[in-house]
Amino acid sequence: MEFLKKGFTHDDLLRIDDKDLPLLADEVRALIIDTVKKNGGHLGSSLGVVELTIAMLKVFDPFNDRIIFDVGHQSYPYKILTDRFDKFQTLRLKDGISGFPRRSESPCDHFNTGHSSTSISAALGYAKARDLLGEKRNVIAFIGDASLINGLSFEALNYVQETNTKIIIILNDNRHSISNRIGGFSNMLAGLSANTCYRRIKNFARRNSGVKWAGRFEKCRDFLKMILKPHNLFDQVGINYWGPFDGHDIKNTVKILELAKNYYKPVILHFNTVKGKGLPEAEENPTKYHQVSPSGEIKSRTWSEAASEIAEELAMKDERIVCFTAAMSTGVKLEKFSKIFPDRFFDVGIAESHMLTMAAGLAAGGMRPWVFIYSTFLQRAMDQLMHDIALQNLPVVIMVDRAGLSGSDGDTHQGLLDITWGRSVPNLEIYAPCDEDSLKDSMIKASKRNGPTLIRYPRGKIPPEKISVDINDEGIAKIYDGHKWALLGHGASVETMLKVRNMAENQGIDVPAVYDVRRVKPLDMKVIDEILGKYQAVSVLEENYLFGGFGEALGAVIAEKGCNVKLMRFGIPDVCVKHATQKEQRELYGLTPENVLTQYKNNYYEK
């Protein structure tokens, strides 16, 4: 029997007989596997919550109740079963459905997510809005065990009792973040899961009381908890803890959710699931299959791999170097470093703010910390970068991965703010290398500084050929001289500017000079003065917001000096960048060699 057919809606789910729900789960998994293999996406988390999602949508109305996913890695089954089955094949494609919950996409998506640990706070906000407006609806926060350790989640848990409102927290415990989860809190969850004596007595009570168990056996349950169950944070902050339960048992999960729905207090429901369930290779290697690339994508040496290997070389020579990551050791390619230097490697879990302040403490204590972090996640720790690192002028190196346009992960994951924010931070130097040689040069310089350094590099493959030229103390290097016109780029945009030069030469247009702006902050005023005194027009291209970018800084210099130079800036306008491939995003915002050349021809070229 086939359940997922064209036009499938949530109403169709409600009409499926309970005994057939496991068959529906198989169809949902098959669709997710097929689509993610073609389009790429977050596979393991979504495969692990199929049954849990089906049960949740049997009990709660996604159009009226407020179901809020944390991060959203696990939202694919929810999308399929909330009237988006027909569109699911467009997942993460340009103009298709997002890989994360989006309010603009569906009335069933109640909060935009993409970064972790926001669900409980948002749920409390929704619950209080419900109370104040006199509405009747359930509010559910669906959060994973790794997201629960973030400081924002703890702040929200601490405040639940103060709000005097009812929310339901569904804890999906698959014992992983992207890599294995870490920390004392994960040990507490493991201890709760392992308490077989309490679970057996609790299951006996539930089997012999049915749906009325929550009321009739409450006193007995509380007594049993006091005697048999390990102490846990949830009960102590006023949130009733129930569990753990098997998140793949649809029938029993429906019963548990019905109980929670009719319960009068805030409750957290602890479900154990298997990350990657239904795909053997994903079950065996959940870290590898957390997120997968589209089939047919060419694999080559990446910026992340190059950066981690250089860090290993530097750490061999300097025993003070230690490396940090926030649950992203695979993404930033630090697995090998962690094995070579196990005592000098720290995976702090999803806790970016803590990571930067701990790094500051290590630096103050005489070490040389290197923090490897995606640009989008650095946003969560900008106060720590400013307050704890920069104000004390500590030698912490921030290795900013996925800087610039990051593609199909969508608006929450674009790395477009690190330069804008970083330029305003005192004592911080910012580097944007364009190839492996310049990456190594920047990292060596950073290792010798007695203050903070930020090194940004893009997502994807590193140029196989050398682009950069030797550069000493100056922050800008001239790659080619030119006539009338100069091209300035940093990072990945240097390669684009070289293509502009080649196109201009082939078309017989003014052949521009090309400059590699390897150090974005502080400005290399010696070279900038040379450029502004020599050329009539300057084009700057960068994968950063135009507001606060290098181009804006150069424009300020031109204005202050009263230079008669025409400035053309190419970057990201004041928009939230939607999901698409990096190539499609660059075309959309004019970050192509064709557009740079066309703008010069139309505005400044004299035949």
Side-chain angles (χ1 to χ4, degrees), residues 403-404 416-426 428-434 454 456 468-469 471 473-501 503-504 509-575 589-593 595-606:
L416 304 172
L417 287 167
D418 50 85
I419 288 179
T420 297
W421 287 353
R423 280 187 54 232
S424 65
V425 176
L428 182 69
E429 288 195 358
I430 303 175
Y431 288 82
C434 65
L454 186 154
R456 77 184 313 251
S468 61
V469 296
I471 187 169
D473 293 332
E474 297 81 8
I476 301 177
K478 180 165 62 178
I479 300 177
Y480 288 110
D481 207 344
H483 177 63
K484 292 187 179 181
W485 180 31
L487 306 173
L488 278 68
H490 58 72
S493 64
V494 176
E495 192 173 11
T496 302
M497 290 310 209
L498 289 172
K499 293 177 182 178
V500 176
R501 176 186 166 87
M503 291 171 61
I509 298 171
D510 301 331
V511 180
V514 180
Y515 287 85
D516 170 18
V517 185
R518 190 176 309 172
R519 192 183 69 206
V520 179
K521 176 181 180 283
L523 296 177
D524 182 349
M525 291 308 303
K526 178 182 176 182
V527 178
I528 286 177
D529 286 342
E530 173 190 310
I531 294 169
L532 298 182
K534 184 175 182 180
Y535 300 100
Q536 300 171 14
V538 175
S539 294
V540 173
L541 188 148
E542 55 187 328
E543 288 197 9
N544 189 77
Y545 280 119
L546 288 167
F547 291 125
F550 170 75
E552 185 176 273
L554 184 61
V557 172
I558 292 172
E560 289 168 359
K561 290 179 174 288
C563 300
N564 186 25
V565 176
K566 305 297 184 181
L567 174 63
M568 292 171 283
R569 296 187 299 137
F570 301 86
I572 309 301
D574 187 21
V575 298
Y589 298 114
L591 307 184
T592 62
N595 186 51
V596 174
L597 184 59
T598 297
Q599 294 303 316
Y600 178 74
K601 288 165 59 178
N602 291 346
N603 294 287
Y604 305 109
Y605 176 56
E606 297 178 2

ask   = Of all heavy-atom pairs between Leu428 and Gly422, which one has the smallest distance, and what is that distance?
value = CD2-O, 3.7 Å

query = Does the pair Tyr480 and Leu487 meet the rule for a side-chain contact (heavy atoms from CB on, under 4.5 Å), with working shown?
reply = CA-CA 10 Å; Tyr480 288 110; Leu487 306 173; over 6 Å; no

ask   = What's the spacing between Asp516 CG and Met497 CE if we round to 0.5 Å?
value = 11.5 Å

message = Restricting to non-hydrogen atoms, name the atom on Leu416 and the atom on Tyr545 that form the minimum distance, rounded to 0.1 Å.
response = O-CD1, 3.2 Å

Nearest non-hydrogen partners of Asp524 and Gly475, listed with the distance = OD2-N, 2.9 Å

inquiry  = If I take atom CZ from residue Arg456 and atom CD1 from residue Ile430, how far apart are they, to the nearest 0.5 angstrom?
reply    = 8.5 Å

key: salt bridge (charged side-chain N to carboxylate O under 4.0 Å, His left out) partners of Asp481, counting only residues at least two apart   = Lys478, Lys534

message = Can you tell me if Tyr589 has over 12 outside heavy atoms packed within less than 6.0 Å of its OH?
response = yes

key: Main-chain N/O of Pro522 paired with Arg519 side-chain donor or acceptor, under 3.5 Å   = yes

key: Side-chain donor/acceptor of Thr420 to backbone N/O of Phe547, under 3.5 Å   = yes

request  = For the pair Arg501 (side chain) and Pro512 (backbone), establish whether a donor and an acceptor sit closer than 3.5 Å, ignoring hydrogens and angles.
outcome  = yes

request  = Flag yes if more than 12 heavy atoms outside Lys521 fall under 6.0 Å of its NZ atom; otherwise flag no.
outcome  = yes

ask   = Can you name the closest pair of heavy atoms from Gly491 and Cys434 and give their distance?
value = O-CB, 3.4 Å

inquiry  = Under a plain distance cut-off of 3.5 Å, with no hydrogens placed, do Tyr600 and Asp510 share a side-chain donor-acceptor pair?
reply    = yes

task = For residues Ser493 and Glu542, report the shortest heavy-atom separation together with the two atoms involved.
result = OG-CA, 4.2 Å

message = Within this structure, what is the NZ-CD1 distance for the pair Lys484 and Ile509, rounded to the nearest 0.5 Å?
response = 12.0 Å

Distance (rounded to the nearest 0.5 Å) between Leu417 CG and Ile572 CD1 = 11.0 Å

key: Interatomic spacing from CG in Asn595 to OG1 in Thr496 - rounded to 0.5 Å   = 11.5 Å

query = Does Gly549 offer a backbone N or O that forms a donor-acceptor pair with the side chain of Arg423 under 3.5 Å?
reply = yes

inquiry  = Under the salt bridge (Lys or Arg N to Asp or Glu O under 4.0 Å) definition, can you give me all pairs with a residue in residues 546-562, not counting sequence neighbours?
reply    = Asp529-Lys561

request  = Look up atom CG in Leu554 and atom SG in Cys563, then write down how far apart they are to the nearest 0.5 Å.
outcome  = 9.0 Å

query = Taking all non-hydrogen atoms of both residues, which atom of Ala504 and which atom of Leu597 are closest, and how far apart?
reply = CB-CD1, 3.9 Å

message = Please check this pair: side chain of Tyr535 against backbone of Glu530, looking for a donor-acceptor N/O pair closer than 3.5 Å.
response = no

